[in-house]
Structure formats: structure tokens, C-alpha cells
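One structure is given below, encoded as C-alpha cells.
Naming convention: chains lettered A, B, ... in sequence-line order (proteins, then strands); numbering from 1 in each chain. In this text the structure is predicted, and so the values were computed from the model without any measurement.
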Amino acid sequence: MPELPEVETIRKQLSQNIKGKIIKNIEVIDKKLAKSIKKSINNSKIKRLERYGKAILIKLSNKNCIGIHIKLTGQLIFMPKSKKDKLFSIAGVKQILPNKYTRAIIYFTDGAVLYFNDIRRFGWIKIDSCRKLQQDGFFSNLGPDALKKTLTISYFSNIIKSSKSSIKSLLMDQKKISGIGNIYANDALFLAGVHPKRPAESLSKQEAAKLYQAIQHVLKKGLKYKGASEINFVDIFGRPGEYQKHSLVYGKENNPCPKHCGERIKRIKIAGRGTFYCPGCQK
DNA sequence: ACCTAAACCTGGGCGC
DNA sequence: TGCGCCCAGGTTTAGG
């Protein structure tokens, strides 16, 4: 599922493959995407790629920016100029691009192509001046990034101390901390031994510190395995991530606890989302 | 300030 | 075979 490690995997790969290229044009296939495209990007050069929470921001040479959020089922697939046929393997399935889920296509002047595929059409592309885009409701409301130095232990302890909501909801609240979604929230809480329904303010200083470390640990592990492909996440070369093979509790209902406490993983709902935890280890 | 539920979408899995 | 139903989750919005 696209959370911080998945999006960061894409950002890094894109940075290595499209930085410096010049955009020829963008073809928007899904009309839903067209509304948020406010500037022309033709003939602009890719200067740098940044990640804001679970979104990617592509900075162009003419002070315009492309913001992309792949939400649940989006894919960015890169076709290098050397690849003459359009046959491509996505998660092991050979197919011709564009396919029926291709919602937009960016063409580069050197012949390379970037496909934006999205089964459920939740994802978005926003194109505007960088200044306006960063004032947009999504970008301007993000809390510090879960893997950057701006998320200090003291900031983290503070938001925990001052929140009555469940600790899991807090971890997933992008306004407070950006980048954590359902999979990594579940696993981090398990590692830290904290019950997901605990009111955040009830955590001790020690528990908050342990949770902070657990978050760093699971996100780095996610990066190491190039993301989790529970739904249909793939990298820009169409390859799935591996984290789902190493997740601790997410999706493991009824499995024995990975810490061998003798209990089985339970599944409950918090804010409408599937939540997995070990009743033996998480208090 | 906090919660929940519904909406946005579609494919896949299930029961019948 | 196929229909209807539920489920998945990132984010926004509406309502309590």
C-alpha cells in the first residue's frame, strides 16, 4: 500500500531516471485529472523530485511543479527510450502500455515515457506554479515527515501528550505526522507493545520513545524491501515490493504472535480501518 | 478537539 | 455461470 516507503521508492527511482529530461507534453486520458492541471509543462525540464508525506512533487525549470498522489492503486511506470516495443511486465503480468488503467501519460523529448496507471481513480495529478501548489490544502497541511529530522522525539512526545484520540489514529493523521499509513502503523504499534486503541495521551514517556524508534524501524525496513505490495503497488519498473513478506501483524489475523507470546493476532476496526494487534503483547 | 460514517472508485472474493 | 454483496484503504467532507 502506498505509504512513505513505497512513495520514497518511486521518488528515488524517478529521480535517477527522469531528472534532467525535458517534457514534450502530457496526455490526460481520465478527464477527472484534467481539473487540477492549471499550467502547461511542455518544454520544461525536470529539476528535482521531492516527497511530501505520501505525495511526490516534481520541480520544473519554469517554476511550475507537478504534484502526484497515487493513493491506493496508482502506479507510475517508466518506459526508457531504449525500449522500442511497448510490452511491459507489471507485477509479472506482461502487457502493452498504455493499458485500460492508464489515466495520463508524460512524454519526454528523448522518447522516454512515464505512464500514470490507477485502477480505482483515487489518485491525482496537480500542475501549477510551485508556490500555489504548496499552498494547496494537501501540501500545506502536512505535519513533519516521519523519516526526516523534522520529526524530533520532542515534537513526537508533545503531540502524543496533547492528543486524546487513539494512538493509531494519531499516527495516521497526516496533519500531525506525514507518511504513516495502515500497514506501518499496525507494525510499529506491535513492535512498541502499545495497544492501537490506547488514547495517545495515556502513553508514558518511555512508551512514546519506544514507539518513535519502532516507527523509524518499520519505515526503514519498508524502504529496504522497496515497499509493501498488499494491493497493487509496483515500482517504476513494474516490480512489486517485498515488505508484505516481512510484515509483523498487518494482514495476519489468527496467526500466532511473532513474539511467540502464545496469543493469536486479532483484527478490529479503528476509524473504519482494519487494525491488527496482539492481545498478549500490546497493552 | 475528537469521533464516526460516507464518499470517492474498482476489482476480487465470497455465498448462493 | 452470474448476480449481489462486502471489502480493501488515503484523503476529504459532513455531521454529532
Ion pair present between [X] and [Y], side-chain N to carboxylate O less than 4.0 angstrom?
X: A/E50; Y: A/R11; result: no
X: A/K24; Y: A/D110; result: no
X: A/E207; Y: A/K210; result: no

Next item on the list: Check DNA chain C for consecutive Watson-Crick or G-U pairs with both distances under 3.5 Å and list the runs of at least three as stems.
Entry: B:2-8 with C:10-16, B:10-16 with C:2-8
In whole Å, what separates the [atom1] atom of [N] from that of [M]?
N: B/dA6; M: C/dC5; atom1: P; value: 16 Å
N: C/dA14; M: B/dC9; atom1: P; value: 16 Å
N: B/dT10; M: C/dT1; atom1: P; value: 24 Å

Base, sugar-phosphate alone, or nothing: which one does [X] contact when heavy atoms must sit under 4.0 Å apart?
X: A/G274; value: sugar-phosphate
X: A/K197; value: nothing
X: A/S178; value: nothing

Please give, in whole Å, the distance from [N] [atom2] to [X] [atom1]?
X: A/K161; N: B/dA1; atom1: NZ; atom2: C1'; value: 18 Å
X: A/F116; N: B/dC9; atom1: CZ; atom2: C1'; value: 13 Å
X: A/K269; N: B/dC3; atom1: NZ; atom2: P; value: 17 Å
X: A/K31; N: B/dC9; atom1: NZ; atom2: P; value: 14 Å
X: A/R198; N: B/dC3; atom1: CZ; atom2: C1'; value: 19 Å
X: A/N99; N: B/dT10; atom1: CG; atom2: C1'; value: 14 Å

Check: Shortest non-hydrogen contact from A/S36 to A/I125?
Finding: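 Nearest pair, atom of A/S36 first, then A/I125: OG-O, 2.5 Å.
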Indicate whether OP1 or OP2 belonging to [N] is found under 4.0 Å from a side-chain N or O atom of [X].
X: A/Y101; N: B/dC9; value: no
X: A/T73; N: B/dT10; value: no
X: A/S169; N: B/dC2; value: no
X: A/R121; N: B/dT10; value: yes
X: A/K32; N: B/dC9; value: yes

Margin query: Protein within reach of the bases, or only the backbone? For nucleotides 10-16 of chain C, mark each nucleotide 5' to 3' as B, S or -, using heavy atoms under 4.0 Å.
Written below: BBS----
Check: Is a side-chain donor or acceptor of A/S163 paired with a backbone partner of A/I159 at a separation under 3.5 angstrom?
Finding: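 The answer is no, because no donor-acceptor pair under 3.5 Å joins these two groups.
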Next item on the list: Please answer whether the main-chain N or O of A/M172 pairs with a side-chain N or O of A/Q174 as donor and acceptor at a distance below 3.5 Å.
Entry: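 A pair under 3.5 Å: yes.
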Margin query: Taking the six-membered ring for Trp, are A/F190 and A/F276 closer than 6.0 Å centroid to centroid?
Written below: no
Notebook entry, point to check: Pick the nucleotide of DNA chain B nearest each of A/R103 and A/S162; which residue has the one closer to the 5' end?
Noted result: A/S162
Next item on the list: With sequence neighbours excluded, give me every disulfide bond (SG atoms under 2.5 Å apart) pair touching residues 92-160 of chain A.
Entry: A/C65-A/C130
Check: What do you reckon, is NZ of A/K21 surrounded by more than 12 foreign heavy atoms closer than 6.0 Å?
Finding: yes
Notebook entry, point to check: Is it the case that more than 12 heavy atoms not belonging to A/K32 sit under 6.0 Å from its NZ atom?
Noted result: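 Enclosed.
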